[in-house]
Number of protein chains: 2
Amino acid sequence: MAADQLSVTFAALADPTRRAILARVAQGEATVMELAEPFRLKLPTVSKHLKVLRRAGLITQGRQAQWRPCRLEPAPLKDVADWVERYREIWEERMGQLSDYLRQLQDKEETDGSEE
Amino acid sequence: MAADQLSVTFAALADPTRRAILARVAQGEATVMELAEPFRLKLPTVSKHLKVLRRAGLITQGRQAQWRPCRLEPAPLKDVADWVERYREIWEERMGQLSDYLRQLQDKEETDGSEE
DNA sequence: CTCATAGTTTCCTATGCAGCTAATTAGCTA
DNA sequence: TAGCTAATTAGCTGCATAGGAAACTATGAG
């Protein structure tokens, strides 16, 4: 995998389990067990997902007794948002055209189609 | 890799070469040769990058004689933007706290620091 | 010290991608 | 038809990851 930060972040997000973990952690801190519970995954597997998220800077893990509570670190998500924002103009323009096209189709149908 | 659309999109974006290709294609259609030129990559390598982007629905390739012009398809980018948008509130709040903290530091410095 | 709990690390297999070269397909031209 | 150009596919190596089992570390309770 490429070493640059954005690539690492995208790679970390390219897994539904990890995105679900982020969604859970966004609600508040959670232990590894709590994170593992919704998925039918063994602890080591979840632990490795967390490692990927940690390397991407998307979470940090503290220490409270034998627990390692996970906390969301949203900075890389802002980077993603900033990156994708550059394309907003393009998709809004194209989606607009698509809407126009669909509207045309509909108009056409209403014109030469049977009303009722 | 996970099969769901968003995961495939994120995986496709997790490579600086592919993001550069997208940036180039955003300027307008381009042939595979034109896309390969800025990178010191062989055509087959670029061709495979395009395959990944195509599978993610980020580009389509037409046919004009022996050229396969690439065109950006921004819909998956909108999906990414929609996904990341859910976290905006969190990072704005946190970044806000960070700004506050930095401002406090600065104030403190100005208070007990030597004003020249 | 001993045991239990929470997590991590190590080792395994399988899969997928990044890069290359060589071979192949698709379309134009002479 | 042969030959040229554009692009893809096939086959290769090397590396990263997803998943699991087993072993190890770290902390707290008795």
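Within every chain, numbering begins at 1; the chains are lettered A, B, ... in the order of the sequence lines, protein sequences first and strands thereafter. Every value quoted in this text rests on a predicted model; they were computed, and no experiment measured them.
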May I have the step-by-step check of salt bridge (Lys or Arg N to Asp or Glu O under 4.0 Å) for A:D15 and A:R19, ending in yes or no?
CA-CA 6 Å; A:D15 184 289; A:R19 292 198 304 277; over 6 Å; no
Take A:V32 and A:W67, measure what side-chain contact (heavy atoms from CB on, under 4.5 Å) needs, and give me the verdict at the end.
CA-CA 8 Å; A:V32 179; A:W67 294 275; over 6 Å; no
Going through the distances and angles, do B:T9 and B:D79 end up as a side-chain contact (heavy atoms from CB on, under 4.5 Å)?
CA-CA 9 Å; B:T9 302; B:D79 295 340; 5.9 Å; no
side-chain contact (heavy atoms from CB on, under 4.5 Å) between A:F10 and A:D4, intermediate numbers included
CA-CA 10 Å; A:F10 276 127; A:D4 72 278; over 6 Å; no
Under the criterion side-chain contact (heavy atoms from CB on, under 4.5 Å), I'd like the reasoning laid out for A:E73 against B:R94: C-alpha separation, chi angles, the key distance, then a yes or no.
CA-CA 9 Å; A:E73 296 295 336; B:R94 292 264 198 102; 3.9 Å; yes
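Counting to the nearest Å, the C1' atom of C:dT13 and the NZ atom of A:K42 are 18 Å from each other. The separation between A:Q61 atom CD and C:dA6 atom P is 15 Å, rounded to whole Å. The distance between atom CZ of B:F10 and atom C1' of D:dA16, rounded to the nearest whole Å, is 20 Å. Atom CG of A:D15 is separated from atom P of C:dG16 by 14 Å (rounded to the nearest Å).
Looking only at side-chain heavy atoms (C-beta outward), B:V25 and B:L58 stay at 4.5 Å or farther from each other. Using a 4.5 Å heavy-atom cutoff, the side chains of B:E92 and B:E89 are not in contact.
Each of A:T17, A:L43, A:L50 was checked for a side chain to side chain contact (heavy atoms under 4.5 Å, CB included) with A:L35, and the lone residue meeting it is A:L50.
Within the 3.5 Å criterion, the main-chain N or O of A:T60 finds no donor-acceptor partner in the side chain of A:R71. With hydrogens and angles disregarded, a donor-acceptor distance shorter than 3.5 Å links the side chain of A:E34 to the backbone of A:T31. Side-chain atoms of B:R18 come within 3.5 Å of backbone atoms of B:A11 as a donor-acceptor pair (strictly under, hydrogens ignored).
For the OP1/OP2 pair of C:dC17 and a distance below 4.0 Å, the side-chain nitrogens and oxygens of B:H49 include no atom meeting the criterion. Contact annotation: B:T45 does not reach the phosphate of C:dA18 (side-chain N/O to OP1 or OP2, under 4.0 Å). Phosphate proximity of D:dT17 to A:R55: present, with a side-chain N or O under 4.0 Å from OP1 or OP2.
Comparing the local axis fitted to the first five base pairs of the helix from C:dC1-D:dG30 to C:dA30-D:dT1 with the one fitted to its last five gives a bend of 0°, rounded to 10°.
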N/O contacts under 3.5 Å, protein versus nucleotides 11-13 of chain D?
from, atom 1, to, atom 2, distance (Å)
D:dG11, O6, B:K48, NZ, 3.0

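Comparing C:dC20, C:dT8, D:dG20 against the side chain of A:L41 picks out D:dG20 as the nearest. You'll find that the side chain of A:L43 is closest to C:dG7, out of D:dA18, C:dT9, C:dG7.
In this structure B:R86 satisfies the side chain to side chain donor-acceptor pair (under 3.5 Å) test with no other residue, sequence neighbours excluded.
Of all the residues in residues 18-40 of chain B, B:R18, B:R40 reach under 4.0 Å from DNA chain C with at least one non-hydrogen atom.
Residue pairs meeting the salt bridge (charged side-chain N to carboxylate O under 4.0 Å, His left out) criterion with at least one partner in residues 39-49 of chain B, sequence neighbours excluded, do not occur; the list is empty.
Looking at B:Q61 and B:R54, their side chains do bring a donor and an acceptor atom within 3.5 Å of each other.
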Return a single string for nucleotides 23-30 of chain C, one symbol per nucleotide in 5' to 3' order, where B is base contact, S is sugar-phosphate-only contact and - is none, cutoff 4.0 angstrom on heavy atoms.
---SBS--
